Amino acid sequence: MRSKTARWLLVLPALLPVTHLYSQKREMDRPMRRPVRGTRGAVGGGSDWATEAGMRMFHQGGNAVDAGVASTFAASVAEFSHVGFGGEAPILIRTKEGKVFAIAGVGTMPKEATADFYRKRRLQPGEIWMMEPGGLKGMVPVAGLMPALVPGLPDACMVALRDFGTKSLGEALQPAIDLADGMAIDEMRSRIIASTRRFFDMWPDSRRVWIPGGHVPQPGEIFRQPDLARTFRAMVSAEKHALAAGKSRQAAIDAARDYFYRGETARKIDAFSRANGGLLRYEDMAAFHLKPEQPVATNYRGYTVYKPGFWSQGPSMIEALNILEGYDLRSLPHNSAEYVHRVLEALKLAYADRDTYYGDPKFSKIPTDILLSKQYAAERRRQIGPKASMEFLPGRIPGYNLKHPSVADMVKFSPDEMLQARDTTCVDALDKDGVMFSATPSGAWMPSVIAGDTGIPLTQRAQSFLLIPGHPNELAGGKRPRITLSPTLVTQGGRPFLVMSTPGGDNQDQSLLQVLLNVIEYGMNAQEAVEAPRFETRHLVSSFDNHAMVPGDLKIDERMSGQSFQELVMMGNRVSTRSRWGVGAMPVVVLSLPTGVIEAGADPFGYRIADGW
């Protein structure tokens, strides 16, 4: 008869693999970071440079808007791989009094532009690099001067600061000026300059900025942007002159806006554009005035979720939430196949509507009330079955005879990877008084065209237009493209709850939806919510490059279970896995806890940063 000890020795080897796998799972579940917590304020962003600028505002007595604007300005200098000062910055703000506003920080297409012009125009070297013999027609360039819009980021930030901040423009711009005077460049920025250097052979002003003296800046070297610093100082000088003349803080910020959009900077951008065959003119700059507007919103299980309007993809999250509210998601294991299936199919429906009905509301009639309604969501929910949909299924809305772009005759051509959209950054801030700020700064990414000696990189955002006749997002002069940039602000019972944003293009609202569900449905803290494995689909019309579509596509994080993978394949999805370091979105989230503590989390796999006080 064997002893108990002997029996246990025989059983132990069989238990070891199970125990080892359990141990591995526990290690994978352990967050790489702890949440940042404070009582006065917190800010999350894409780099230490950006969050440090925001914290400087908090330490100087500023509010969350001051912090968010300073962080955005700093990011436009230091995170030039992903955003530039000539780019975009959609913003959501909650005031101390509880009112929520959106600022549509995206510029307009030059008034001389027409869709027919781009349909007929042959692409030039440096706009796509790889060209068919004789050139290619029917596509908006992805790089160069032809996809440039009026810069939206500067006005969005200055309007936010003027109406909802407390600091002067000089104070909010100072961290950015310091960075433009000289910053220690990192590996990412150095690598991107090196990988795109051949583009700058066609743009001497850009080459002078990004490859000073013919030398690619190396990690740890000091990188300077003196032209941009000079532009910043000129804007601050305009503000100071207005203050010296007895103008109010708000009027002095408007003086800086006028200097940029209706003064010397606008004239220089006009001259550069004319000299290089571009369409952007002084008149386009001068006509650009942003005003705070009402966001779109829905109530999800007692939480009010605010998003930018239909000039963005933000309403797609509203529709997806309305669809998902009809399910008991909390009863499903997190990231189980059934959970992924329901969220995924809701997103497919919402994105099909995005790709069919969204566009600049100033130019197109959008069925806003229907798309945001709970009744419409209930009808859409009934279209979700047990299997993965392989079709693009926009809803049928009376009075709208619009077709999904998948049935249109579109260019199917892949641009050079060097020129493809380089993404975005994110800035979120929240303070002790309940002021909330969420922004998604983007555009003018590398490789960018610098407008002469202004130091300002111009955006490539016009590539987000479509050239399909009659489509709500068809390119037109003076019009805004429907963009992917999509900050998020959430309240509960009128009180602050969270702000969040992320890079990721078409993946932004997919990822932000999952982060929000992680918090609301699964009770995760800020850091757990952004670190948890996520999934993405390209079952949509890409908003960039050649507007590719990949029906049935599903990419899941490598950390998700093998069982979920197999079950999702059985449902008919075309599933692939990818590294946690390459999930396509890198969110930050800032939460207001019932205790009065402010908690922030930042995705470590995208090198996001959060700080609090």
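The model shown is predicted, which means the values in this text are computed figures rather than measured ones.
Side-chain contact annotation: His334 with Asn518, donor-acceptor N/O pair under 3.5 Å present. With hydrogens and angles left out, the side-chain atoms of Thr459 and Glu88 include a donor and acceptor closer than 3.5 Å. Side-chain contact, Glu293 with Trp311: a donor N or O sits under 3.5 Å from an acceptor N or O. Inspection of the Gln510 and Gln514 side chains reveals no N or O donor paired with an N or O acceptor under 3.5 Å. For Thr51 and Asp611, the side-chain atoms include no donor-acceptor pair closer than 3.5 Å. Side-chain atoms of Lys307 and Ser312 form no donor-acceptor pair, as typed in the model, at a separation below 3.5 Å. A side-chain donor from one of Asp506 and Ser543 sits under 3.5 Å from a side-chain acceptor of the other. A donor-acceptor pair shorter than 3.5 Å can be found between the side chains of Tyr376 and Asp353. Checking Ser442 against Arg461 by side-chain atom types alone, a donor-acceptor pair falls below 3.5 Å. Side-chain atoms of Thr425 and Glu79 include a donor-acceptor pair closer than 3.5 Å. Judged by distance alone, the side chains of Arg33 and Gln527 never bring a donor and an acceptor atom under 3.5 Å apart.
Note: Phe392 and His539 have tilted aromatic rings, judged against thresholds of 30 and 60 degrees for the angle between ring planes. Using cut-offs of 30° and 60° for the angle between ring planes, the Phe605 and Trp581 rings count as perpendicular.
Listed for the Arg574 side chain is a donor-acceptor partner under 3.5 Å among the backbone atoms of Pro551. Remark: side-chain polar atoms of Ser564 are paired, donor with acceptor, to backbone N or O of Asn335 under 3.5 angstrom. When atom types are taken as modelled, the side chain of Asn473 and the backbone of Gly359 share no donor-acceptor pair closer than 3.5 angstrom. When atom types are taken as modelled, the side chain of Glu531 and the backbone of Met32 share a donor-acceptor pair closer than 3.5 angstrom. Tyr358 places a side-chain N or O within donor-acceptor distance of the main-chain N or O of Ser316, the cut-off being under 3.5 Å. Remark: the backbone N or O of Asn507 is not paired with any side-chain donor or acceptor of Glu536 at under 3.5 angstrom. For the pair Ser47 (side chain) and Ala50 (backbone), a donor-acceptor distance under 3.5 Å is present. No side-chain donor-acceptor contact under 3.5 Å links Asn573 to the backbone of Val575. In this structure, the side chain of His82 does not engage the main chain of Cys426 through any donor-acceptor pair within 3.5 Å. At least one donor-acceptor pair closer than 3.5 Å links the side chain of Glu558 to the backbone N or O of Arg580.
In terms of heavy-atom proximity, Ile468 sits nearest to Pro405 at CD1-CB, 3.7 Å. Summarising the geometry of Ala377 relative to Asn322, their closest heavy-atom pair is CB-CB, 3.4 Å, with the distance given to 0.1 Å. Residue Ala476 comes nearest to Met109 through the heavy atom pair O-CB, 3.3 Å, listed as atom of the first residue, atom of the second, then distance. When all heavy atoms of Ser501 and Pro487 are compared, the closest pair comes out as CB-CA, 4.2 Å. What you find for Thr72 and Ala439 is that their closest heavy atoms are OG1-CB, 4.4 Å. When all heavy atoms of Leu475 and Phe465 are compared, the closest pair comes out as CA-CD2, 3.5 Å.
The distance between the ring centers of Phe535 and Phe565 does not fall below 6.0 angstrom.
The side-chain heavy atoms of Leu153 and Val83, taken from C-beta on, include a pair separated by under 4.5 Å. For the pair Val100/Leu489, a side-chain contact is recorded, criterion being any heavy-atom separation below 4.5 Å from C-beta on. Counting heavy atoms from C-beta outward, Ile483 and Gln508 have side chains that stay 4.5 Å or more apart. Side-chain atoms of Pro315 and Leu371, non-hydrogen and from C-beta on, never get closer than 4.5 Å to each other. With contacts defined as side-chain heavy-atom distances shorter than 4.5 Å, the pair Gln460/Phe544 does not qualify. Taking 4.5 Å as the limit, some side-chain heavy atom of Leu513 sits within range of a side-chain heavy atom of Leu347. Counting heavy atoms from C-beta on, the side chains of Lys555 and Arg538 come closer than 4.5 Å.
Salt bridge absent: Lys479 and Glu474 never bring a charged side-chain N and a carboxylate O closer than 4.0 Å. Salt bridge absent: Glu319 and Arg354 never bring a charged side-chain N and a carboxylate O closer than 4.0 Å. By the 4.0 Å N-to-carboxylate-O rule, Asp428 lies too far from Arg608 to be salt-bridged with it. A salt bridge does not link Arg301 with Glu325: none of the charged nitrogens is closer than 4.0 Å to a carboxylate oxygen. A salt bridge links Arg330 and Glu521; the closest N-O separation between the charged side-chain nitrogens and carboxylate oxygens is under 4.0 Å. Ion pairing of Asp557 with Arg559 is present here, as a side-chain N (NZ or NE/NH1/NH2) and a carboxylate O approach within less than 4.0 Å.
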For this session: Might you work through the side chain to side chain contact (heavy atoms under 4.5 Å, CB included) test for Val515 and Met500, ending with a clear yes or no?
Result: CA-CA 9 Å; Val515 172; Met500 61 179 179; 3.9 Å; yes

Problem set entry | Test side chain to side chain contact (heavy atoms under 4.5 Å, CB included) applied to Leu591 and Ile598, step by step | CA-CA 6 Å; Leu591 280 163; Ile598 301 168; over 6 Å; no

Exercise. Yes or no on side chain to side chain contact (heavy atoms under 4.5 Å, CB included) for Val590 and Leu498, after CA distance, side-chain angles and deciding distance?
Worked result: CA-CA 5 Å; Val590 186; Leu498 69 76; over 6 Å; no

For this session: For the pair Ile193 and Met446, evaluate side chain to side chain contact (heavy atoms under 4.5 Å, CB included) and give the outcome as yes or no after the intermediate values.
Result: CA-CA 8 Å; Ile193 291 175; Met446 294 290 280; 3.8 Å; yes

For this session: Please report the C-alpha distance between Tyr327 and Tyr339 in whole Å, then the side-chain angles of each, then the deciding distance to 0.1 Å, and finally whether the ring-ring contact (aromatic ring centres under 6.0 Å, His included) criterion is met.
Result: CA-CA 10 Å; Tyr327 297 126; Tyr339 170 81; over 10 Å; no

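Residue Met570 qualifies as open at atom CE: its count of foreign heavy atoms under 6.0 Å is 12 or below. When the shell of 6.0 Å around CD of Glu379 is examined, it contains more than 12 heavy atoms from other residues, nucleotides or ligands. Heavy atoms of other residues, nucleotides or ligands lying less than 6.0 angstrom from CG of Asp328 number more than 12.
Rounding to the nearest 0.5 Å places CG of Leu372 at 7.0 Å from CD1 of Ile318. For the atom pair CG (Leu321) and OH (Tyr303), the distance works out to 12.5 Å, reported to the nearest 0.5 Å. Taken to the nearest 0.5 Å, the OG1 atom of Thr488 stands 7.5 Å off from the CG atom of Leu516. Here Met586 contributes atom CE and Asp603 contributes atom CG; the two are 7.5 Å apart, rounded to the nearest 0.5 Å. To the nearest 0.5 angstrom, Met436 atom CE is 8.5 Å from Ser438 atom OG. Distance check, rounded to the nearest 0.5 Å: CZ of Arg534 to CG of Leu512 gives 8.5 Å.
Checked options Lys403, Arg482, Lys348; the residue passing with Asp355 is Arg482 (criterion: salt bridge (Lys or Arg N to Asp or Glu O under 4.0 Å)).
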